[in-house]
Amino acid sequence: MPLIYEKSRKGRRAIALDALDVPEVEFPAALRRSAPAELPEVGELDVVRHFTNLSRKNFGIDSHFYPLGSCTMKYNPKLAEAVAALPGFANLHPHLSSTEAYWPLCQGAFELIHDTEALLAEIAGMRQASLQPIAGAHGELTGVLLIAAYHKDHGNTKKDTILIPDSAHGTNPASAAIAGFNVVEIPSGADGVLHLDAVKAAMTDRVAGLMMTCPNTHGLFEPEVGKIAAMLHEADALLYYDGANLNAIIGKARPGDLGFDVMHYNLHKTFATPHGMGGPGSGPVGVGERLLPYLPGPRVVKGANGYVLETPAKSIGRVAQFFGNFMMAVRAYAYMRHLGCDGLREVAEIAVLNANYIWARLKEAYEPAFALRFMHECVFTAAPQAQKGVRALDIAKALLDFGFHAPTIYFPLTVKESVMIEPTETESKETLDAFCDAMLAIARTIETNPDSLHQAPVTTPVGRLDEVRAARQLNCAC
Amino acid sequence: MPLIYEKSRKGRRAIALDALDVPEVEFPAALRRSAPAELPEVGELDVVRHFTNLSRKNFGIDSHFYPLGSCTMKYNPKLAEAVAALPGFANLHPHLSSTEAYWPLCQGAFELIHDTEALLAEIAGMRQASLQPIAGAHGELTGVLLIAAYHKDHGNTKKDTILIPDSAHGTNPASAAIAGFNVVEIPSGADGVLHLDAVKAAMTDRVAGLMMTCPNTHGLFEPEVGKIAAMLHEADALLYYDGANLNAIIGKARPGDLGFDVMHYNLHKTFATPHGMGGPGSGPVGVGERLLPYLPGPRVVKGANGYVLETPAKSIGRVAQFFGNFMMAVRAYAYMRHLGCDGLREVAEIAVLNANYIWARLKEAYEPAFALRFMHECVFTAAPQAQKGVRALDIAKALLDFGFHAPTIYFPLTVKESVMIEPTETESKETLDAFCDAMLAIARTIETNPDSLHQAPVTTPVGRLDEVRAARQLNCAC
Amino acid sequence: MTWVPTTADERKEMLDVIGLNSIDELFAAVTPDLRAKSWDIPPGLSEMAVRDLMAGMAAKNASSLVCFAGGGAYDHFIPAAVDALTSRAEFYTAYTPYQPECAQGTLQSIYEYQSAICRLTGLDFANASLYDGGTAVFEAATMAVRVTGRRRVACHRSLSPIYRRMLETHAANLGIEFTTGDDPTGAACVIVQNPSFLGSVENYTNLSERCHAAGALLVMSFYPVSLGLAKTPAEMGVDIAVAEGQSLGVPLGFGGPWLGILATRKEHVRKMPGRIAAATEDAQGRRGFVLTLQAREQHIRREKAMSNICSNEALCALRALIHLCLLGKEGIQEVARHCHAKAEYLKKKLKFATLLNRAPTFNEFAVRLPINAEEAVKAMASKGFVAGIPLKPLNAGDPEDLLIAVTERRTREQLDAFALALEEVSCR
Amino acid sequence: MTWVPTTADERKEMLDVIGLNSIDELFAAVTPDLRAKSWDIPPGLSEMAVRDLMAGMAAKNASSLVCFAGGGAYDHFIPAAVDALTSRAEFYTAYTPYQPECAQGTLQSIYEYQSAICRLTGLDFANASLYDGGTAVFEAATMAVRVTGRRRVACHRSLSPIYRRMLETHAANLGIEFTTGDDPTGAACVIVQNPSFLGSVENYTNLSERCHAAGALLVMSFYPVSLGLAKTPAEMGVDIAVAEGQSLGVPLGFGGPWLGILATRKEHVRKMPGRIAAATEDAQGRRGFVLTLQAREQHIRREKAMSNICSNEALCALRALIHLCLLGKEGIQEVARHCHAKAEYLKKKLKFATLLNRAPTFNEFAVRLPINAEEAVKAMASKGFVAGIPLKPLNAGDPEDLLIAVTERRTREQLDAFALALEEVSCR
Ligand SMILES: Cc1ncc(COP(=O)(O)O)c(C=O)c1O
Ligand SMILES: Cc1ncc(COP(=O)(O)O)c(C=O)c1O
């Protein structure tokens, strides 16, 4: 398909304004750009047909099963999109919050922030939550900054290290580093979980905290989490919960109860806000008792005559211009109120049921990476297949030709030729069966005609693309 | 793709209500159905993925060039969809119009009806218009009923015949018949237009009126329309204008000025409201002086204190429950106000330019059905190609494989192997060129490999379908 | 505002190819005497200005009052997915599926819609849609005339006065005699509405037997949502069932676009108006769908066609289908149960008014107020309610009579508040 | 409310395949001591109830006042096509394009977006998006630290106090020294904002020369719409240009999701944070697009990555791209011209107030009112205006100071009415 720039025709226009109804004014010559930006000159139909057809080259949840491990590609309810379209939310200027005089004009938004934060806190057993962080990784950074503030406030200037299991998502070490910490990686056990001993071995008085994901990215619940938390607290270190997998335990266990001090939520995973091709998401932080005084501000609190803003005394400051990705909170709030106490618990139950069903159907044909029971996702290693010349990548591409998005591959890094499947609770048994049938068909092809899989995909708008050429030519704009 | 019924699973649900907040009441047993309707039992994602993927099997204007002759598949502006989503229009109960007490609550809707009717009247040189008719054919029926009422009111009970050219759309004779008239077909001249002589030859004192399309369905402006009108009026017969092709002359000529007494507009053609897979459209009628007293009622008129409803004294009655497809009028009004006087005139200019450009590029490879200058659409005959074994149908199917919707084929019935191309004014020159290139490529294939075209289309979800089997088995529901 | 994409240079290039010098030459056939004599149209406005203008118009409509008006159009809840899916451009910017290979989305959805209507009504065949509930009554009447060859149509008192008016307007010159009542003798059909315009639900089984004994058809205009609970047209022996489909996921929209539903028995399918989709196969044996029995239609049969309908209400039919799928087998019953129970709850609260229905009702009923109904609704509007439809202006009752409809959207609090307010207004 | 599609029977079947008897057994690893100690969550509500509830919340927000607030977020017109296209499910329900073959829609649109940003700023490379304009300033600062190896960042007074606060919050423990002013000596970068937070437009060409002479980078936070008229970052010698992209077709939405824009010169691309798409080919020579230079990113480089960003604001970037395409080369200039002219018109009308900007302004300016600005905006709100942003609460001015922004949406009538009302309020 041509680029929209290739469709440009001199003088063509889509949207225009009416004639100026005030006198024309010259913009000062010294401050003027020398030539107009070469934006495309196209008509509205050009634009509409271009992007409509671009969209048709994508797989999305609404069109395809999308079992990307760790990404929680659950169905995004249309209800949430409908409430997010309400002008009372969508067209509200956030600077109404910056002056008390305007607060009566945005009480609905304040209420929504307040109630969403309260629900998130209760769901995870945290004392409070803040919607400011804009995505999961931003929540991690905020959380680790809170840990830093805590230690600084307690005069523990030595605490410059964060422990992170080797199975952790890449954002964990990256966030810790950007928060100014040294990162020490802790090996997972051969069974795929974190052992107290391994943490102990890495423990020093410089350790400010440990970042854990639970269930971890192997899809396994961390059985020693309680003991690890106790040990850390003993050493005045704090425990961070990466909430990317909260959907596996929602309504069953709460990070706060497990001993975590701080966490982020991924509203775009657990709470079904759409992923939008990679964003926007929303990554609120939640904190327990210890970190309450440091939360970012301002915060919405309930006053005698309505909602007002306050900033915690020892606040780390501000990580967003206003209240983070507010419109994603609107969607997540709708989702939480819709599902309610039972529905949210069912999220975990069926997410785990579905992942285990896939595990059960595939475990003879593909080698599970671990023997423990998987939670919301199951991880296989395609190492045996790789020996037959078919890599995880080839399996992924073959699935595209079956009309399924591929699972996550090559993550977690701890598993060779990793194939990480997260079905989510919103997919039906028929879909899981069709997917498993495809995986089993691919397994058979690996035995009979492995080479054919290197050609996949053949049904997509393009075949496998030359990434080396891309990096060498670095043609990133036209 | 499976049917949604084939995806049904006992007990599965999408949308549910909250628990009833008033006492349960039994519906009387004697009035109860014996078994529930077997609607599908599916989840919301089942429904969303099913219909999303069904939509992906369609060509639409937003995804494909759609040059269906006579159908005016112009781009439907998103602006119109946005205003139609305003709750003040979309959620308004029409029975607010049935009681004067409620009229103050729907003044915006009345204003819209009033102003839309006024614009339509001015555009076509009519005295008034009524939004009641729901589609073009319904407008025809209404119009012919108006003609009948006129003659009845004037005591002309003999007038039981409507003249209709052979090139007319099928709805014209059908509408006339349903209005209780006998239909007499008048042959077009070999040059594709209607001649005064032919009308004269069919003229009797039973003739109540003549239905004309101008430009007619051959894409030709009717040069004798003025003379024909005069002759009809002489004989106390009225002239009906089928407005399906108004887009060809909008801002250039007006049916009222041409001598037409009554007409319908197709808001879904000339005024860019979306076709919606075949509907809803909107087919307002417009009338000149003679038919004013008979218009359907009630009508919105401007009173001293706002808009009120009145029914013309000799009104034929009511052809819609309320004001016809009001929400289509909302869209058409947005379109008319957006384009304005110059923009609307440009519609005709560029529609005609585009059709003539296609004619010019194709006229060597395909045989134009007529020698006169085409207006907004050009009609070819594939009779020469048919002699080589490639019919209009085959050309149409081949175009699908080039990524273009087919033109209208086998209509008008007056042209053998008719291929009727209406590009509309909203398509760009590049698109027209690409389409012409495809048509020329097909023409070359007809010379070199005609048989290959019988296999087309091969890129669509299904190939040519067995229509005989469909009619024989008559499997129209499951 | 220039709306077309064609630049000045391109116009020139294209004219060159055509062999002309100016666009005006393209219009040579429109000789000066035929040119527009007036063109008093306001100049174009930007998208921004049009949206502001029309938002202003929309704001003059009181669409957010709590709605108790029915009379053929009901304030039912529409799930967000209905809008999300019907706004897929490949649906709403497509046309009639004349090329089935690139319109399987349309055709399969029509087939599924027809199936839903058959399952709802119990009848064998449904068409792809008609204009609305009123024209559907007209189409059913002329269909009965075609089937029976008789020219009298009996309209039962249950029929909406609006439909009755539309019927007579449309059929004005067809030489059909319209009578009021349910006498089938010599009639093409008897037309009933169930629930009646005033909300009463009846069992028309006896009437259908009488009709069939007299060689007449029974036509019924039904309320789709009521069929979540109520006896089906098929169970009562109805020959042609028609309906206003607005209640199935179509917005009120001040009267349209809505949806005309028509279903019938197998033996009459060839006399049925409107498009029909059918399943078939391609050469490779893949299932596909096409329009069938087109010889009934105007583009083939012209003046002998079963109907003049061409454009129909396909997108509204898609809305209805999606709506019915989202509700599902259980949901349609649930919605009907709630409508009924809430209406009964409200009925009981309106002790100060006289119920006019003798038969059971579904979700709509008529009452005689202690005061003039038009005055009452005016007062109620200022309290935030559209309190129903005064019947007198429709010639369907006395000046004190009010038709009240209740849907699943109404909460108990709203019903309580409504009853209180109406009592205040009526008995002050 | 059951939200999942899995029926009771299916659960049973699936458990059988798994070899378990109950769902609870799946959670055996979550031992009783680890179970939730509280679960005080309200019961679920139907879609209908949630929509009513949230429509009520939304109605408590005064989103329809005529808006003169800016401060980094502007009430620009968004064409309907932006919403129509970004609500295509294949866009908004897709994820990061990890499988390029089934994500060419995403990848091509990122490439086109990057191109639009480069064309707008004059710079060589843009990334696929960052979180917002504030975090983009932080990313630019740390990028400058990486490029120069220096650890001081000079924040020019033009920088938004909110961005400044965010910058220091994010960088709290990075050992970066933040100073105020524009002294590049020994600095990693000087950060300016143009127009300034108070709306002043400057030519920073001299400063960029001074920066480069001192081995520092010049970072500029720009206002995208202003580049319809204003000198580009590239023309002024800027090394890293960042912006809040909200003004490009993204709704105000009470603060987000918005769009972080970042562009830079060729020499720094390998130090740039965030995703980047690049053009390439498949084996058949068909053009396609992939993510490239991923070795900069967290999923490969972990603690050594250029940034921790993973999810970004892709859908907002698509909005910006579509918005820019709809405006086109001419439209972006037109919008900028209108914003500027209308702001100048209003400026002239506010004779009763003192203009605080010494430099020219684009569409936003600060005035000192005769009365307290918070009182003024309160009074203005009751007249239907969001009259701007009082500067004192942001520590950006005196109690009488008010920041006023004007967009192309404001009509002359609105400007006249606003000026009159503000005068009444201020001088009564
Ligand atoms: C386990 C885990 N942690 C953190 C993240 C980062 O979240 P985000 O993409 O919202 O920044 C992800 C995202 O995929 C993840 O899977
Ligand atoms: C020339 C002509 N007349 C009448 C009609 C009927 O209009 P409608 O489909 O709106 O009923 C059409 C529709 O295609 C047409 O092309």
Side-chain angles (χ1 to χ4, degrees), chain A residues 14-15 21-22 25 27 37 39 51 54-55 57-62 79 83 86 88 90-95 101 105 108 134-135 137 170 173-175 177 180 183 221 274-281 317-318 322 325-327 340-341 343 350 357 360 428-429 460 462-463 465 470 475 477, chain D residues 4-5 10 14 18 29 41 43-44 47 54 57-58 60-63 69 85 88-90 92-96 101-102 104-106 114-115 118 120 131 169 173 229 251 253-257 278-280 282 288 292 298-299 302-303 305 308 311-312 314-315 326 329 341 344-345 374 378 412:
Chain A
I15 297 292
D21 59 358
V22 300
V25 190
F27 194 67
L39 296 178
F51 288 100
L54 274 187
S55 79
K57 292 178 187 288
N58 271 6
F59 284 14
I61 299 170
D62 280 9
L79 154 63
V83 295
L86 289 165
N91 299 345
L92 196 63
H93 201 295
H95 266 300
L105 307 184
I134 288 174
S175 299
V183 172
F221 190 81
H275 281 79
M277 306 183 293
R318 194 159 193 155
F322 299 98
N325 279 350
F326 175 81
M327 296 303 294
C341 48
I350 305 302
Y357 180 69
S428 65
K429 176 169 179 295
T460 47
V462 291
L465 291 159
N475 169 1
Chain D
V4 298
E10 288 168 335
M14 293 165 78
I18 297 168
I41 306 293
E47 173 177 335
M54 295 187 70
M57 276 176 156
K60 291 183 213 157
N61 298 322
S63 64
L85 292 167
R88 293 279 305 171
E90 297 92 329
Y92 83 87
T93 73
Y95 193 46
T96 308
E101 299 88 348
C102 65
Q104 285 297 301
T106 299
Q114 292 168 177
S115 303
C118 290
L120 202 58
Y131 297 144
T169 303
N173 306 305
L229 281 176
F254 209 57
T280 184
D282 72 2
T292 195
Q298 48 73 26
H299 62 287
R302 300 178 74 87
E303 67 272 17
N308 65 334
S311 287
N312 57 15
L315 198 71
L326 289 167
K329 179 178 175 176
E344 292 298 311
Y345 178 82
E374 295 203 58
K378 197 176 248 171
R412 184 182 194 134

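Chain identifiers are assigned alphabetically (A, B, ...) following the order of the sequence lines, protein sequences preceding nucleic acid strands; residue numbering begins at 1 within each chain.
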Asker: Rounded to the nearest 0.5 Å, how far apart are OG1 of D/Thr106 and CG of D/Leu315?
Answerer: 9.5 Å
Asker: Heavy-atom distance under 4.5 Å to chain A: side chain of D/Leu85, backbone, both or neither?
Answerer: side chain
Asker: With a 4.5 angstrom heavy-atom cut-off, is it the side chain or the backbone of A/His95 that approaches chain D, or both, or neither?
Answerer: side chain
Asker: Hey, could you give me the CD/CD1 distance between D/Glu10 and A/Ile350, rounded to the nearest 0.5 Å?
Answerer: 9.5 Å
Asker: Among D/Cys102, D/Gly255, D/Ala341, which has the most heavy-atom pairs under 4.5 Å with chain A?
Answerer: D/Cys102
Asker: Heavy-atom pairs under 4.5 Å with chain A are the metric here; pick the option from D/Gln114, D/Glu303, D/Lys60, D/Lys378 that has the most.
Answerer: D/Glu303
Asker: Heavy-atom distances under 4.5 Å only: say whether D/Arg88 touches chain A with side chain, backbone, both or neither.
Answerer: side chain
Asker: Under a 4.5 Å cutoff for heavy-atom pairs, which residue among A/Gly88, A/Gly340, A/Gly60, A/Gly278 has the most contacts with chain D?
Answerer: A/Gly278
Asker: For the atom pair CG (A/Leu54) and CD (D/Gln104), what is the distance rounded to the nearest 0.5 Å?
Answerer: 9.0 Å
Asker: Side chain, backbone, both or neither: which part of A/Phe326 has an atom under 4.5 Å from a heavy atom of chain D?
Answerer: both
Asker: Identify the heavy atoms of D/Ser115 and A/Ala477 that sit nearest to each other, and give their distance.
Answerer: OG-CA, 3.2 Å
Asker: By a 4.5 Å heavy-atom criterion (distance strictly below it), what part of A/Val462 contacts chain D: side chain, backbone, both, or neither?
Answerer: both
Asker: Side chain from CB out, backbone as N, CA, C, O: work out which of these in A/Phe59 comes under 4.5 Å of a heavy atom of chain D, or both, or neither.
Answerer: both
Asker: Of the listed residues (D/Ala305, D/Pro43, D/Ala94, D/Ala62), which shares the most heavy-atom pairs with chain A below a 4.5 Å separation?
Answerer: D/Ala94
Asker: Based on non-hydrogen pairs under 4.5 Å, which of A/Leu86, A/Thr460, A/Asn325 is most in contact with chain D?
Answerer: A/Asn325
Asker: Measure the CG-CE distance between D/Asn312 and A/Met277 for me, rounded to the nearest 0.5 Å.
Answerer: 9.0 Å
Asker: Got a second to check how far D/Tyr92's OH is from A/His275's NE2, nearest 0.5 Å?
Answerer: 13.5 Å
Asker: Can you say whether A/Leu465 sits under 4.5 Å from chain D via the side chain, the backbone, both, or neither, judging by heavy atoms?
Answerer: both
Asker: Measuring heavy-atom distances to chain A, does D/Glu344 have an atom under 4.5 Å in its side chain, in its backbone, in both, or in neither?
Answerer: side chain
Asker: Under a 4.5 Å heavy-atom cutoff, which of D/Leu326, D/Asn61, D/Thr96, D/Thr280 has the most pairs with chain A?
Answerer: D/Asn61
Asker: Please check this pair: side chain of A/Asn58 against backbone of D/Gly105, looking for a donor-acceptor N/O pair closer than 3.5 Å.
Answerer: yes
Asker: Using heavy-atom distances under 4.5 Å, tell me whether D/Tyr345 contacts chain A through its side chain, its backbone, both, or neither.
Answerer: side chain
Asker: Look at A/Lys429, A/His93, A/Met327 and state which one has the largest set of heavy-atom pairs under 4.5 Å with chain D.
Answerer: A/His93
Asker: Distance from A/Leu92 atom CG to A/Leu105 atom CG, nearest 0.5 Å?
Answerer: 8.5 Å
Asker: Which atoms of D/Cys118 are under 4.5 Å from chain A, going by heavy atoms: the side chain, the backbone, both sets, or neither?
Answerer: side chain
Asker: Do D/Arg412 side-chain atoms and A/Asp21 backbone N/O form a donor-acceptor pair below 3.5 Å?
Answerer: yes
Asker: Could you tell me whether the side chain of D/Ser311 and the main chain of A/Gly279 form a donor-acceptor pair under 3.5 Å?
Answerer: no
Asker: So which residue, A/Ala177, A/Ala37, A/Gly108, ends up with the most heavy-atom pairs under 4.5 Å with chain D?
Answerer: A/Gly108
Asker: Pick one of side chain, backbone, both or neither for D/Thr292, based on which atoms fall under 4.5 Å of a heavy atom in chain A.
Answerer: side chain
Asker: For the candidates A/Pro173, A/Ala360, A/Ala101, which exhibits the highest count of non-hydrogen atom pairs separated by less than 4.5 Å from chain D?
Answerer: A/Pro173
Asker: For the residue pair A/Ser175 and D/Asn308, confirm or rule out a side-chain donor-acceptor distance under 3.5 Å.
Answerer: yes
Asker: Just so I understand: if I count every heavy-atom pair under 4.5 Å between each of A/Ala14, A/Gly317, A/Gly180 and chain D, which residue has the most?
Answerer: A/Gly317
Asker: For each of D/Asn173, D/Thr93, D/Ile41, tally heavy-atom pairs with chain A at distances under 4.5 Å, and name the one with the top tally.
Answerer: D/Thr93
